[in-house]
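Shown next, in structure tokens, is the structure this report addresses.
Every number for a ligand or one of its atoms is a count from 1 in the order of the listing. As the structure is a computational prediction, the values presented were derived from the model and not from experiment. Only this structure's heavy atoms are used, side chains among them; waters, hydrogens and symmetry mates stay out.
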Amino acid sequence: MSTLKHFIEGLPKAELHLHIEGSLEPEQMFLFAQRNKIDLPYKSVEDIRAAYEFTELQDFLDIYYQGMGVLQTEQDFYDLTWAYLEKVHAQNVIHVEIFFDPQGHTDRGIPFSTVINGIYNALIEGEKTLGISFKLIMSFLRHLSEEEGFKTLEEALPHKDKIAAVGLDSSELGHPPSKFERLYARCREEGFLSVAHAGEEGPPEYVIEALDLLKVDRLDHGNRSLEDSDLTARLSQSGIALTVCPLSNFKLAGVTDMRRHPIKTMLDKGLKATVNSDDPAYFGGYMNENYLAISEALNLSKEDLITLCRNGFEATFCTPEQRRQHLDQLENYLST
Ligand code: ADE
Ligand code: ZN
């Protein structure tokens, strides 16, 4: 196992499902709270960690939205993003496609430009000095209205050049993709690619809606697709990628035993599954920890791990030329 651990650590990787606000570590939460003079309902880092006991998605979301309240200034968003980049750089992540939740900030009175400029400037610096290429994905909160989504899109348009794609996250049950069909159509007209969380807690029908109504280019999670054999066959034939988040699935109770995590079944059924961390500060691990968890629990072979890793690079929103460069880095690693 230790050689496989070593192999995983050295693999050049792409992360395609990461909420930047979900990379806020308890230590940083304290730091930002202090410098922004915000009172936290926790006395210590241990107190915060103890609160991270979730039985379902909403338990986590309540704490996640509360946590991001410490982010106030452009410097905060820059520092948060920079800390994430340094961590994944140490894990040999060479490309990231990260989400941000603007409505989680603008609803608290933080200007859209403060949020996006802080994150984007850190990503630019990361590309220059750490060699990590990136795409930024603006996510709509699905528990909010269609109208609020349109308002956020208007705020985003002056920053269009910084945003590659739009996404849909937050409380899934009761907020099906169909609620945002018109918003996604408008986003498509504006030239954005799109993804959506679907089938994390929601039924296979939500995945079908994400495909048929939102016309997504990639699916986030998608786990519950496996309950529908026609949908599974469709996903396999279409080659659309799924951004799977193993430790997140475990923490949010979709998967109660990692030995029953569906990612191996996904591969066996021909689905283009990828490995990602979702909200690493809340779920106990970044990219390597996610790869390691499934590798151990599911007894994955080196070939399985390479397939997952290659899927990640093939599923990016990069140009064919960039994608070739990423895959070359992977091939170089495998041939040494
Ligand atoms: N926002 C941050 N993480 C999320 C997740 N796993 N599901 C839905 N919304 C989220
Ligand atoms: Zn997510």
Taking [atom] as the reference point, the nearest protein heavy atom with its distance:
| atom | result |
| --- | --- |
| atom 9 (N) of ligand 1 | Ser170 N, 2.8 Å |
| atom 6 (N) of ligand 1 | Asp278 OD2, 2.7 Å |
| atom 1 (N) of ligand 1 | His19 CE1, 3.6 Å |
| atom 7 (N) of ligand 1 | Glu200 OE1, 2.7 Å |

salt_bridge([X], [Y]) N-O dist < 4.0 Å:
| X | Y | result |
| --- | --- | --- |
| Lys179 | Glu209 | no |
| Arg234 | Asp230 | no |
| Glu190 | Arg186 | yes |

Discussion item. Is there a polar contact, in the sense of an N or O pair closer than 3.5 Å, between Asp279 and ligand 1?
Written reply: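 Among all N and O atoms of Asp279, at least one is under 3.5 Å from an N or O of ligand 1.
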Taking 4.0 angstrom as the limit and counting only heavy atoms of [X], give me the atoms of ligand 1 inside it, by number and element.
| X | answer |
| --- | --- |
| Leu61 | 1 (N), 9 (N), 10 (C) |
| Leu57 | 5 (C), 7 (N), 8 (C) |
| His221 | 6 (N) |
| His197 | 5 (C), 7 (N), 8 (C) |

For [X], state whether at least one heavy atom is located under 4.0 Å from any atom of ligand 1.
| X | result |
| --- | --- |
| Gly22 | no |
| Asp220 | no |
| Phe60 | yes |
| Glu21 | no |

Worksheet item: So, Gln58 and Asp62: side-chain donor and acceptor under 3.5 Å apart, yes or no?
Response: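 Asp62 and Gln58 do have a side-chain donor-acceptor pair below 3.5 Å.
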Worksheet item: Would you say the side chains of Tyr291 and Gln91 form a donor-acceptor pair under 3.5 Å?
Response: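 Gln91 and Tyr291 do not have a side-chain donor-acceptor pair below 3.5 Å.
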Item to complete: Say whether, by atom type as modelled, one donor and one acceptor occur between the side chain of Gln72 and the main chain of Gly69 under 3.5 angstrom.
Response: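 At least one qualifying donor-acceptor pair exists.
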Fill in: Tyr42-Phe30 aromatic ring centre distance below 6.0 Å
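Between Tyr42 and Phe30, the centre distance exceeds or equals 6.0 Å.
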Worksheet item: N/O/S atom of His221 under 2.8 Å from the Zn ion (ligand 2), yes or no?
Response: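 No.
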Worksheet item: Nearest to the Zn ion (ligand 2), which N, O or S atom of His197 do we find?
Response: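 When I compare the N, O and S atoms of His197, NE2 is nearest to the Zn ion (ligand 2).
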Worksheet item: Which N, O or S atom name in Asp278 marks its closest approach to the Zn ion (ligand 2)?
Response: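 The closest N, O or S atom of Asp278 to the Zn ion (ligand 2) is OD1.
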Worksheet item: Of Asn92, Asn276, Asn288, which meets side chain to side chain donor-acceptor pair (under 3.5 Å) against Lys13?
Response: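 Of the listed residues Asn92, Asn276, Asn288, the side chain to side chain donor-acceptor pair (under 3.5 Å) partner of Lys13 is Asn288.
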Discussion item. Give me the atom names and distance for the closest heavy-atom approach of Lys135 to Phe317.
Written reply: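 For Lys135 and Phe317, the tightest heavy-atom pair comes out as CE-O, 3.3 Å.
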Worksheet item: Can you find a pair of side-chain heavy atoms, one from Tyr184 and one from Lys215, that are under 4.5 Å apart?
Response: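 The answer is no; the side chains never approach within 4.5 Å.
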